[in-house]
Amino acid sequence: MSTTYDKLNAVGRSLVYQIAITCVTVGMGIACLPLLLLKHPTLKYAIPYRWTSIALWLQRYILHLTYDVRSHAPLASGGVIYAVKHQSAWETMALWHILDRPVFVLKKELLSIPVFGWYLAHADNIVIDRSAGKQAVAQIIDQSMKYMMQGRNIVMFPEGTRTRAGAEVKYKNGIGAVYEAISPTIHPVALNSGCFWGRNRFIRRAGVIELEILPSVTKNLSKSDFMQALHTQIETATARLVATPKYRETCDSY
């Protein structure tokens, strides 16, 4: 028998989800405020892990939105950079549970978001000012080296911002500079989250988001050859995933 949520349309489910995640975010933000003021170590991992766990649970049971991961290599416990296609807010949540203790490269503007930004500022992230040019690139290199030496995995979004499903944009030079400077293992990551949760879209469609971790890019390439190889791997796999999204039948009419 269908549940109440099964009978709601995509707009209704999205509204219920938005209310729920807002309440959770504000509630956790207030409840954990003492830890924020004390700069407790829990802020660096446990709190974002718990918040994203709740978000994914709400997505499963309200939006009927789940995900499937395919990896062409064993997932690293640390010291690897994942270059991820960026179509949605979804991957910034799910990657906490796909990768081991990820460190995100993110733009400074996100820190200005009320409540949410407070916690981003205290978590282990690489925060950059995109207007700083070469200084921002140098910061990415230095911070990536620091965290990788600590056995952490780095998540970078080569496009620098979310793009709609099916769109291709020129990749930023930051990841190329990191490749050239420290020659890390870099795994491209393709996905089709934008088919279900589009950029700046309120409606989230039910279904199964697919994320594919591709073989690492060959080392010892020139910077330009690396950027071309990275772009080709991500965009080719992403186009394949975007062409065949696994929508749930209950949402086909929305």
Side-chain angles (χ1 to χ4, degrees), residues 17-59 78-84 86-162 172-175 177-178 182 184 189 193 197 199-200:
Y17 172 79
Q18 191 61 52
I19 293 171
I21 194 62
T22 299
C23 291
V24 168
T25 302
V26 174
M28 284 190 67
I30 294 172
C32 298
L33 192 58
L35 299 178
L36 187 65
L37 297 175
L38 295 172
K39 297 183 179 180
H40 195 279
T42 300
L43 293 165
K44 295 183 180 295
Y45 182 73
I47 289 178
Y49 186 87
R50 178 58 58 189
W51 180 82
T52 53
S53 294
I54 295 172
L56 293 173
W57 186 88
L58 292 172
Q59 291 163 25
V80 168
I81 293 178
Y82 292 91
V84 184
H86 199 12
Q87 295 181 344
S88 168
W90 172 85
E91 49 264 21
T92 63
M93 304 176 193
L95 287 169
W96 274 94
H97 302 269
I98 296 170
L99 305 178
D100 181 44
R101 299 179 303 133
V103 174
F104 290 82
V105 178
L106 51 86
K107 57 188 179 183
K108 183 180 179 181
E109 292 85 343
L110 293 175
L111 304 187
S112 62
I113 300 174
V115 182
F116 184 73
W118 304 345
Y119 290 88
L120 281 181
H122 288 81
D124 283 338
N125 293 307
I126 300 173
V127 181
I128 60 169
D129 181 354
R130 294 187 295 183
S131 65
K134 292 182 179 180
Q135 291 182 342
V137 173
Q139 183 183 5
I140 294 173
I141 294 171
D142 291 343
Q143 292 293 303
S144 295
M145 289 180 63
K146 182 188 82 170
Y147 283 116
M148 291 174 73
M149 289 177 66
Q150 295 175 5
R152 304 290 294 277
N153 291 313
I154 311 296
V155 173
M156 298 182 68
F157 299 109
E159 295 155 301
T161 189
R162 288 171 293 171
K172 304 296 183 183
N173 289 324
I175 192 165
V178 172
I182 61 178
V189 179
S193 58
W197 186 332
R199 179 177 182 267
N200 298 327

Would you sort out whether Tyr49 and His97 count as a side-chain contact (heavy atoms from CB on, under 4.5 Å), showing the intermediate values?
CA-CA 8 Å; Tyr49 186 87; His97 302 269; 3.4 Å; yes

Taking everything shown except [X] itself, do over 12 heavy atoms lie less than 6.0 Å from its [atom1]?
| X | atom1 | result |
| --- | --- | --- |
| Gln150 | CD | yes |
| Met28 | CE | yes |
| Arg50 | CZ | no |

In the structure I gave you, are the side-chain heavy atoms of [X] and [Y] within less than 4.5 Å of one another anywhere?
| X | Y | value |
| --- | --- | --- |
| Tyr119 | Cys32 | yes |
| Met148 | Ile182 | yes |
| Val189 | Phe157 | no |

First locate atom [atom1] of [X], then atom [atom2] of [Y], and finally report the distance between them rounded to the nearest 0.5 Å.
| X | Y | atom1 | atom2 | answer |
| --- | --- | --- | --- | --- |
| Gln87 | Thr161 | CD | OG1 | 12.0 Å |
| Ile21 | Phe116 | CD1 | CZ | 9.5 Å |
| Leu36 | Thr42 | CG | OG1 | 12.0 Å |
| Ser144 | Asn153 | OG | CG | 11.5 Å |
| Ile113 | Leu120 | CD1 | CG | 7.0 Å |
| Leu95 | Asp100 | CG | CG | 12.5 Å |

Taking all heavy atoms of [X] and all of [Y], pick out the closest pair and write down the distance.
| X | Y | answer |
| --- | --- | --- |
| Pro34 | Ala31 | CD-O, 3.5 Å |
| Leu56 | Trp90 | CD2-NE1, 4.1 Å |
| Ala55 | Met93 | CB-SD, 3.7 Å |
| Ala136 | Asp129 | CB-O, 3.4 Å |

Verify side-chain contact (heavy atoms from CB on, under 4.5 Å) between Met156 and Ile140, making sure each step is shown before the conclusion.
CA-CA 10 Å; Met156 298 182 68; Ile140 294 173; 3.8 Å; yes

Give a yes or no on whether the backbone of [Y] and the side-chain of [X] come within a donor-acceptor separation of less than 3.5 Å.
| X | Y | value |
| --- | --- | --- |
| Thr52 | Trp96 | no |
| Gln139 | Val127 | yes |
| Arg101 | Gly151 | yes |

Applying the side chain to side chain donor-acceptor pair (under 3.5 Å) test to His86, which of Glu159, Glu91, Arg162 qualifies?
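Only one option passes, and that is Glu91.
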
Step by step, work out the side-chain contact (heavy atoms from CB on, under 4.5 Å) result for Thr25 and Trp51.
CA-CA 7 Å; Thr25 302; Trp51 180 82; 2.9 Å; yes

May I have the step-by-step check of side-chain contact (heavy atoms from CB on, under 4.5 Å) for Asn173 and Val137, ending in yes or no?
CA-CA 8 Å; Asn173 289 324; Val137 173; 5.7 Å; no

